[in-house]
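Step one of this worksheet: look at the structure below.
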Amino acid sequence: MVVAPCATNEKERLEALQRYGILDTAAEADFDAITTLLSAICETPIALVSLVDRDRQWFKSKVGLAAEETHRDLAFCAHAILQDEVMVVPDATRDPRFADNPLVLEDPRIRFYAGAPLITPDNFAIGTLCAIDVKPRELTPNQRMALKTLSRHVVDLLELRLRLQQTHDLNQALEKANAERSRFFANMNHEMRTPLSAILGFSRRLQKRVEKDVVPAYVHEGVNIILDSAQRLADMVDDVLDISKIDAGKMTLQRQPFDPVELLRGVVNTVSVVAEERGVNLLLQVPDQMPVSVTGDAKKIGQIVLNLLSNAVKFTPAGKHVRLDCEYHDQRLMLGVTDEGVGIAPQDIDRIFLPFEQISADTPEDTKGTGLGLAIVRSLVDLMDGSVDVTSQPGHGTRFTVVLPLLIA
Ligand code: ADP
């Protein structure tokens, strides 16, 4: 008996085999279908998908054989993987390599063997697809072709299985990372909020005091700056938390009846303080026919409008106008925010909705946000099955249009 030598690249070959993670796994119908077909086409009682491991050959699929594996020294397949072409042994008793092989002398008493190497895309022969008979014979050209073709299918199946496994692993890793990130943000948010609330609370009280008391101008100014900065920091913390919630799929809608016009008035009131400071004229335009009550997540709709209006005011020079208009028909609420500001260049339009994207180089430092506002707007609108569009003329102004499906309550 001649024991097959190891390939010169044996170490890498074994690594290639390990990569598939297939050794000692359960039988799979896809592989069994191939051995069944091969045994039928070649008319042999035995057909195998054999993987040649360090010291053994292990059968991923077998027809007509009980053994799970055999020692590598006995394996016909260990010879077959040393050549690129199909290896045929018409009569093992007449082949010096196999004549005294226990698999020939005893059960299963192999006489005929035909094996095609399983060659991976990176050119390693990790095993064979083989047909075995207990009587001497030959392989017809068609049977040889079928054997070769099916062997390539085995490799395709292995590759497919590997890709699925990798995708699964990646998804699991991503899910884990996402969960960890959400936890981290939730914790961080909490940790940041406590000192922030203290700063906000105390500086508000201080602000009231310094308005009444006679204090030097720098104290007055200082308190205002602290209050503004703390407020912006609190807004950013909220934004980051929102985005991470959306990312983690944990943002849900709270639908309740609400008066849409009242909601818009409230947001305009909030933004009017900043608009006045900046000398921007803020208008709300409401048509005569508006429903008194619709059902939806008023808080999130308010957040969308607040983001768009704040941006509009932020990017519009003094003396110009910002207008919020609305319409309701066909069970849809349309909201429009139009400004006469700097506008957005056509090449930047697609980027503005991405997280952390800020376009305007000339944004004043004190109004700089996180670049998360529009990403949040888009995610919230998506969550409500709505749409958001933007048209802009650089130097003239921008209009954001949001359409949300909302039923009349
Ligand atoms: P932030 O306002 O925090 O920078 P946003 O996501 O709200 O982040 O906006 C992203 C970018 O889109 C802004 O930095 C700005 O460049 C641009 N942008 C948004 N709204 C307007 C607008 N009304 N006019 C001009 N540019 C705008």
Side-chain angles (χ1 to χ4, degrees), residues 185 189 192 196 228-247 251 264 267-268 270-285 300-326 334-384 386-403:
F185 277 119
N189 185 63
M192 286 174 80
L196 256 178
D228 279 358
S229 309
Q231 189 56 58
R232 276 202 298 130
L233 202 53
D235 291 347
M236 286 183 200
V237 169
D238 285 346
D239 275 3
V240 171
L241 189 76
D242 276 352
I243 267 290
S244 58
K245 250 190 180 171
I246 290 168
D247 261 10
M251 187 70 100
L264 299 183
V267 179
V268 168
T270 309
V271 180
S272 66
V273 183
V274 182
E276 261 167 46
E277 270 172 26
R278 303 179 63 89
V280 173
N281 302 300
L282 188 55
L283 316 167
L284 171 63
Q285 196 176 312
K300 294 197 177 71
I301 298 171
Q303 206 180 340
I304 291 169
V305 180
L306 181 66
N307 263 306
L308 295 178
L309 266 191
S310 311
N311 274 349
V313 168
K314 192 156 86 177
F315 294 106
T316 299
K320 300 279 185 184
H321 295 83
V322 166
R323 191 183 78 231
L324 170 62
D325 57 277
C326 60
M334 191 282 297
L335 302 165
V337 175
T338 311
D339 67 52
E340 298 173 339
V342 294
I344 304 161
Q347 69 269 21
D348 295 331
I349 285 266
D350 290 335
R351 276 172 48 208
I352 57 170
F353 287 101
L354 299 174
F356 303 110
E357 288 286 349
Q358 294 175 309
I359 312 300
S360 314
D362 51 1
T363 311
E365 195 56 40
D366 66 329
T367 57
K368 262 195 179 155
T370 48
L372 288 173
L374 289 178
I376 293 172
V377 165
R378 166 117 96 190
S379 303
L380 292 178
V381 166
D382 284 349
L383 199 63
M384 295 182 214
S387 63
V388 51
D389 284 303
V390 54
T391 52
S392 187
Q393 253 193 309
H396 288 93
T398 307
R399 176 171 169 84
F400 284 88
T401 317
V402 172
V403 178

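Counting convention: from 1, in listed order, for ligands and their atoms alike.
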Quiz item: Touching ligand 1 at all, Lys314? Heavy atoms, strictly under 4.0 Å?
Solution: yes
Quiz item: For atom 5 (P) of ligand 1, which candidate among Leu374, Leu309, Asp339 provides the closest heavy atom?
Solution: Leu374
Quiz prompt | Asp235/Arg232 salt bridge by N-O under 4.0 Å criterion | solution = no
Practice problem: Dump the intermediate steps for side chain to side chain contact (heavy atoms under 4.5 Å, CB included) on Ile301 and Leu335, then the final yes or no. | Solution: CA-CA 10 Å; Ile301 298 171; Leu335 302 165; 4.2 Å; yes
Quiz item: Does Arg399 come within less than 4.0 Å of Asp325, counting only side-chain N to carboxylate O?
Solution: yes
Self-check item: Subset of ligand 1 atoms that lie under 4.0 Å from at least one heavy atom of Gly343
Solution: 25 (C)
Quiz item: Within less than 4.0 angstrom of ligand 1, does Ile344 place any heavy atom?
Solution: yes
Quiz item: Which value, rounded to the nearest 0.5 Å, describes the distance between Phe400 atom CZ and Asn311 atom CG?
Solution: 6.5 Å
Quiz prompt | ligand 1 atoms in contact with Ile352 (distance to a heavy atom under 4.0 Å) | solution = 6 (O), 10 (C), 12 (O), 17 (C)
Quiz prompt | Atoms of ligand 1 close to Gly371 [distance to a heavy atom under 4.0 angstrom, numbered from 1] | solution = 1 (P), 3 (O), 4 (O), 6 (O), 8 (O)
Quiz item: Atom CE of Met251 and atom CG of Leu380: how far apart are they, to the nearest 0.5 Å?
Solution: 5.5 Å
Exercise. Output the list of atoms in ligand 1 that are nearer than 4.0 Å to some heavy atom of Thr398, sorted by atom number.
Key: 24 (N)
Quiz item: When rounded to the nearest 0.5 angstrom, what is the spacing between CD1 in Ile246 and CG in Leu383?
Solution: 7.5 Å
